[in-house]
Amino acid sequence: VDELVYSDMARSFAATGHFLVRGVHANYGFVYPLLLSPVYAAIGPMSDVYRWSQVVDALVICSAVLPAYLLARRVVRPPAALAAAALAVAVPSTVYAGTIMTGNVFYPVFLWLAFVLVAALERPTRRNQVLLLVVCAVAFETRAQTVALVAAVLTAPLALAWIERGRQRRLSVF
């Protein structure tokens, strides 16, 4: 049903500027349909739209290499970070790039969320914390299940303070 819902939302946004499913307001995340709506606006026949949507999905899921590389680069040398980035898109779930599903967008968004969380833990500046909140909101608007990650994001500073015993002063910055 995901393919029908998200393709309907993308098609209606391209045509009307509203996220509708069969003419009714849809209560789903808007990031994925927003990403696909230019394909629906620019391409004519539905068979071509579906193929171009698959191309967009493949490009988006492959964009996961960048946050994966940046995360890996924090702990390993560049060749190993490149290998980690390559493995990030060699996971079996990338086969879903051929379907119209939010997982195609959520995977790179999740990796960006992890990267921004690490950056906010390393340097808890106001800018990094606001960026973390923005990426959390984008992730939630991509998939509502992201709400489960809120507990991880909220407890990460506590876990870091526990790991770095004696440096609890850093906890107050969060």
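Keep in mind it's a predicted model, so treat the numbers as computed, not measured. Residue numbers run from 1 in the order of the sequence given. Reckoned from all heavy atoms, side chains included, excluding hydrogens, waters and symmetry mates.
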K.L.:
Report yes if some heavy atom in the side chain of Phe13 is under 4.5 Å from a heavy atom in the side chain of Pro33; otherwise report no.
P.N.:
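No. Closest side-chain heavy atoms not under 4.5 Å.
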K.L.:
Please report, to 0.1 Å, the donor-acceptor pairs under 3.5 Å made by any side chain of residues 142-153, with sequence neighbours excluded.
P.N.:
{"unit_1": "Thr142", "atom_1": "OG1", "unit_2": "Val138", "atom_2": "O", "d": "2.7"}
{"unit_1": "Thr146", "atom_1": "OG1", "unit_2": "Ala139", "atom_2": "O", "d": "3.0"}
{"unit_1": "Thr146", "atom_1": "OG1", "unit_2": "Arg143", "atom_2": "O", "d": "2.8"}

K.L.:
To the nearest 0.5 Å, how far apart are CZ in Arg22 and CG in Leu4?
P.N.:
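So the CZ of Arg22 and the CG of Leu4 are separated by 6.5 Å.
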K.L.:
Kindly write out the residues that satisfy salt bridge (Lys or Arg N to Asp or Glu O under 4.0 Å) with Arg51, not counting sequence neighbours, or none if the list is empty.
P.N.:
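With neighbours one apart ignored, the set is Asp48.
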K.L.:
Report the relative orientation of the aromatic rings in Tyr28 and Tyr6; use parallel for angles under 30°, tilted for 30 to 60°, perpendicular for over 60°.
P.N.:
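Rings of Tyr28 and Tyr6: perpendicular, over 60°.
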K.L.:
Return the CE to NE2 distance between Met9 and His25, rounded to the nearest 0.5 Å.
P.N.:
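One finds 8.0 Å between CE of Met9 and NE2 of His25.
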K.L.:
For residues 34-46, please give each side-chain donor-acceptor pair under 3.5 Å, one per line with the distance, not counting sequence neighbours.
P.N.:
{"unit_1": "Ser37", "atom_1": "OG", "unit_2": "Leu34", "atom_2": "O", "d": "2.9"}

K.L.:
Side chain of Thr125, backbone of Asn128: donor and acceptor closer than 3.5 Å?
P.N.:
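Present.
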K.L.:
Which donor-acceptor pairs under 3.5 Å do the side chains of residues 107-114 make with protein atoms, sequence neighbours left out?
P.N.:
{"unit_1": "Tyr107", "atom_1": "OH", "unit_2": "Ala88", "atom_2": "O", "d": "2.5"}

K.L.:
Run the side-chain donor-acceptor check on residues 53-64: report pairs under 3.5 Å with partners two or more places apart or on a different chain.
P.N.:
{"unit_1": "Ser53", "atom_1": "OG", "unit_2": "Val49", "atom_2": "O", "d": "2.9"}
{"unit_1": "Gln54", "atom_1": "NE2", "unit_2": "Gly98", "atom_2": "O", "d": "2.7"}
{"unit_1": "Asp57", "atom_1": "OD1", "unit_2": "Tyr32", "atom_2": "OH", "d": "2.8"}
{"unit_1": "Asp57", "atom_1": "OD2", "unit_2": "Tyr32", "atom_2": "OH", "d": "2.7"}
{"unit_1": "Asp57", "atom_1": "OD2", "unit_2": "Asn104", "atom_2": "ND2", "d": "3.1"}
{"unit_1": "Ser63", "atom_1": "OG", "unit_2": "Val60", "atom_2": "O", "d": "2.5"}

K.L.:
Hydrophobic cluster mates of Leu87, side-chain heavy atoms under 4.5 angstrom, ILVMFWY only, any path?
P.N.:
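Under the 4.5 Å side-chain rule, Leu87 groups with nothing.
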K.L.:
Taking Leu70 as the starting point, is it possible to reach Leu131 by hopping between hydrophobic residues whose side chains are less than 4.5 Å apart?
P.N.:
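Yes: a chain of side-chain contacts under 4.5 Å links Leu131 to Leu70.
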K.L.:
Please list all pairs passing the salt bridge (charged side-chain N to carboxylate O under 4.0 Å, His left out) test where one or both residues lie in residues 125-141, with sequence neighbours left out.
P.N.:
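The answer is none; no pair qualifies.
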K.L.:
If you look at every heavy atom in Leu160 and Leu121, which pair is closest and at what distance?
P.N.:
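Looks like CD2-O, 3.7 Å.
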K.L.:
According to salt bridge (charged side-chain N to carboxylate O under 4.0 Å, His left out), does anything in residues 7-17 pair up with another residue at least two apart or in another chain? List the pairs.
P.N.:
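Pairs touching residues 7-17 that pass the test: Asp8-Arg11.
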K.L.:
Could you list the cluster mates of Val76? Members are the ILVMFWY residues connected by side-chain heavy atoms closer than 4.5 Å, either directly or through other members.
P.N.:
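ILVMFWY cluster around Val76 also holds Val75.
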K.L.:
Are Phe106 and Met101 joined in one hydrophobic group, where the rule is that I, L, V, M, F, W and Y side chains link up if heavy atoms are under 4.5 Å apart?
P.N.:
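Unlinked, Phe106 and Met101 end up in two clusters.
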K.L.:
Rounded to the nearest 0.5 Å, how far apart are CG of Leu66 and CG of Leu71?
P.N.:
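Rounded to the nearest 0.5 Å, the CG-CG separation comes to 10.0 Å.
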K.L.:
Tell me whether Leu132 shares a hydrophobic cluster with Phe115, the cluster being built from Ile, Leu, Val, Met, Phe, Trp, Tyr side chains joined at under 4.5 Å.
P.N.:
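Linked within one cluster.
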K.L.:
Got a sec, which hydrophobics cluster with Leu20, joining ILVMFWY side chains under 4.5 Å apart, including via others?
P.N.:
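Traced through the cluster, Leu20 reaches no other member.
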K.L.:
Would you list the pairs meeting side chain to side chain donor-acceptor pair (under 3.5 Å) in which at least one residue belongs to residues 67-89, sequence neighbours left out?
P.N.:
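Pairs touching residues 67-89 that pass the test: Arg74-Glu122.
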K.L.:
Measuring from Leu117:CG to Gln129:CD, what's the distance to the nearest 0.5 Å?
P.N.:
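If I round to the nearest 0.5 Å, the distance is 11.0 Å.
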K.L.:
Among residues at least two apart in sequence or on other chains, which ones pass side chain to side chain donor-acceptor pair (under 3.5 Å) with Tyr96?
P.N.:
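Listed in chain order: nothing, the list is empty.
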